[in-house]
Amino acid sequence: MVRLSAKPLTLEEFLQQPEAQPASEFIEGEIIQKPMPQGKHSLLQGELTSFINANLKPKRLGWAFPELRCTFAGYAIVPDISVIAWDRIPVDEDGTIQNLIPFCPDWMIEILSPDQNQMKLVKKILIGLAHGCQMGWIVAPEERLVFAYPAGQQPTVHEDPQELIPVPAFAQGIQLTVETLFGWMRVRADESGKHSGDAQAGHSPNPSPSGAQ
């Protein structure tokens, strides 16, 4: 994330500014621009959004939105994927969705981009959890693991390929394994038949929220 301004602003002043690409967020008086999505990020964002909607929309349980701006409590955030429980989706008089989403989504999903500061994502999820979010995910494509942040509980790490990743209560019908999630990144098999990153070594990100302070 790139900090665009160190000058304190109000949320109202931020919302009056022209939209940027990639989107900018307003957190604790600072404008922070999101990184431009790259290949793995973009693919996972699209596939995961479609997968969640295929499971939730037919049953009217919820709806997943990519890059949806949500404003609440002086914050303006744009999670990579925002999932809102069906009965909380705000609508206009004609039944269409409102443009302004004045609350935190029920399920926030962030996909870690190369060179992105993970602790900034943890901080954003902790802000969401303090304002009604039920579940946060940080998806780390290079390490092929997911950090889950359930409201009121300790974060958990999920990297066993056959492990089901926890979801919020309203989305309990979703069953997604680590293997399936990161399998979406493969567009063709390599010669060894393995994911190209299986043998990668390196420092795994830290799921602890303590580093976000």
Discussion item. Any heavy-atom pair between the side chains of E179 and E163 that's under 4.5 Å?
Written reply: no
Worksheet item: How far does NZ of K57 sit from NZ of K59, to the nearest 0.5 angstrom?
Response: 14.5 Å
Worksheet item: Can you check whether V78's main-chain N or O pairs, donor with acceptor, with E25's side chain at less than 3.5 Å?
Response: yes
Fill in: Atom pair CZ (F26) and CD (Q17), whose distance is rounded to the nearest 0.5 Å
9.0 Å
Item to complete: Look at atom CZ of R60 and say whether more than 12 heavy atoms of other residues, nucleotides or ligands are closer to it than 6.0 Å.
Response: no
Worksheet item: Charged N to carboxylate O below 4.0 Å: is that the case for E110 and K124?
Response: yes
Item to complete: List the steps and the verdict of side-chain contact (heavy atoms from CB on, under 4.5 Å) for K123 and E28.
Response: CA-CA 11 Å; K123 183 175 183 178; E28 296 182 343; 2.8 Å; yes
Worksheet item: Does Q33 use its side chain to pair, donor to acceptor, with the backbone of P22 at less than 3.5 Å?
Response: yes
Worksheet entry | Heavy-atom closest contact (N55 atom, P58 atom, distance) | C-CD, 4.2 Å
Fill in: Verify same cluster id: V187, L48 (apolar side-chain graph, 4.5 Å)
yes
Discussion item. Let me check something: do L61 and F103 share a hydrophobic cluster, defined by ILVMFWY side-chain heavy atoms less than 4.5 Å apart, either directly or through other members?
Written reply: no
Discussion item. If you apply the rule side-chain contact (heavy atoms from CB on, under 4.5 Å), what do you find for Q162 with V178, and how did you get there?
Written reply: CA-CA 6 Å; Q162 302 307 315; V178 172; over 6 Å; no
Discussion item. I want to check something: taking the side chain as every heavy atom from C-beta on, are T177 and P161 in contact at a cut-off of under 4.5 Å?
Written reply: no
Just distance, no hydrogens or angles: give the donor-acceptor pairs under 3.5 Å from side chains in residues 125-140, sequence neighbours left out.
| unit_1 | atom_1 | unit_2 | atom_2 | d |
| --- | --- | --- | --- | --- |
| H131 | ND1 | I127 | O | 2.9 |
| W137 | NE1 | P166 | O | 2.9 |

Practice prompt. Return yes when atom CG of N99 has more than 12 non-hydrogen atoms of other residues, nucleotides or ligands closer than 6.0 Å, and no otherwise.
Written response: no
Worksheet item: Which heavy atom in A171 sits nearest to a heavy atom in W107, and how many Å separate them?
Response: CB-CZ3, 4.0 Å
Worksheet item: D80 side chain to I111 main-chain N or O, any donor-acceptor pair under 3.5 Å?
Response: yes
Practice prompt. Taking side-chain hydrogen bond (donor to acceptor under 3.5 Å, both in side chains) as the test, write out the residues that go with E19, two or more places apart.
Written response: R69
Worksheet entry | Q172 side-chain N/O to P168 backbone N/O, donor-acceptor pair under 3.5 Å | yes
Worksheet item: Side chains of L68 and I81: does their closest heavy-atom pair fall under 4.5 Å?
Response: no
Worksheet item: Within a strict 4.5 Å, meaning less than it, do heavy atoms of the T71 and L100 side chains meet?
Response: yes
Discussion item. Is the shortest side-chain heavy-atom distance between K34 and S24 below 4.5 Å?
Written reply: no
Item to complete: Find out whether P105 and C70 are in side-chain contact, i.e. whether some heavy atom of one side chain is under 4.5 Å from a heavy atom of the other.
Response: yes
Discussion item. Side-chain heavy atoms nearer than 4.5 Å, only ILVMFWY residues, links allowed to pass through others: does that put F170 and W63 together?
Written reply: no
Item to complete: Show your working on side-chain contact (heavy atoms from CB on, under 4.5 Å) between I52 and I109 and close with a plain yes or no.
Response: CA-CA 11 Å; I52 292 172; I109 300 174; 3.7 Å; yes
Discussion item. For the backbone of G46 and the side chain of S50, can you confirm whether one donor and one acceptor N or O come within less than 3.5 Å of each other?
Written reply: yes
Discussion item. Measuring only between side-chain heavy atoms, which start at C-beta, is F65 closer than 4.5 Å to I84?
Written reply: yes
Worksheet item: Are F147 and L145 close enough, and set up right, to give a side-chain contact (heavy atoms from CB on, under 4.5 Å), and what steps lead you there?
Response: CA-CA 7 Å; F147 301 118; L145 53 81; 3.3 Å; yes
Discussion item. I'd like to know if the side chain of D92 and the backbone of D94 have a donor-acceptor N/O pair within less than 3.5 Å.
Written reply: no
Practice prompt. Determine whether the side chains of Q45 and E67 contain a donor N or O and an acceptor N or O closer than 3.5 Å.
Written response: yes
Worksheet entry | Single-linkage hydrophobic cluster, 4.5 Å side-chain cutoff, F51 and M185 together | yes
Discussion item. Do L164 and V146 sit in one hydrophobic cluster, given that two such residues count as connected whenever their side-chain heavy atoms are within less than 4.5 Å of each other, even indirectly?
Written reply: no
Worksheet item: Taking atom CG of L176 and atom CG of L181, what is their separation to the nearest 0.5 Å?
Response: 5.0 Å
Worksheet item: At what distance, to the nearest 0.5 angstrom, does CG of L112 lie from CG of L44?
Response: 11.5 Å
Fill in: Non-hydrogen atoms of P150 and A148 that approach each other most closely
CD-O, 3.4 Å
Worksheet item: Under 4.5 Å between any side-chain heavy atoms of I77 and M108, yes or no?
Response: yes
Discussion item. Using a 3.5 Å distance criterion without hydrogens, assess whether the side chain of S113 forms a donor-acceptor pair with backbone atoms of Q116.
Written reply: no
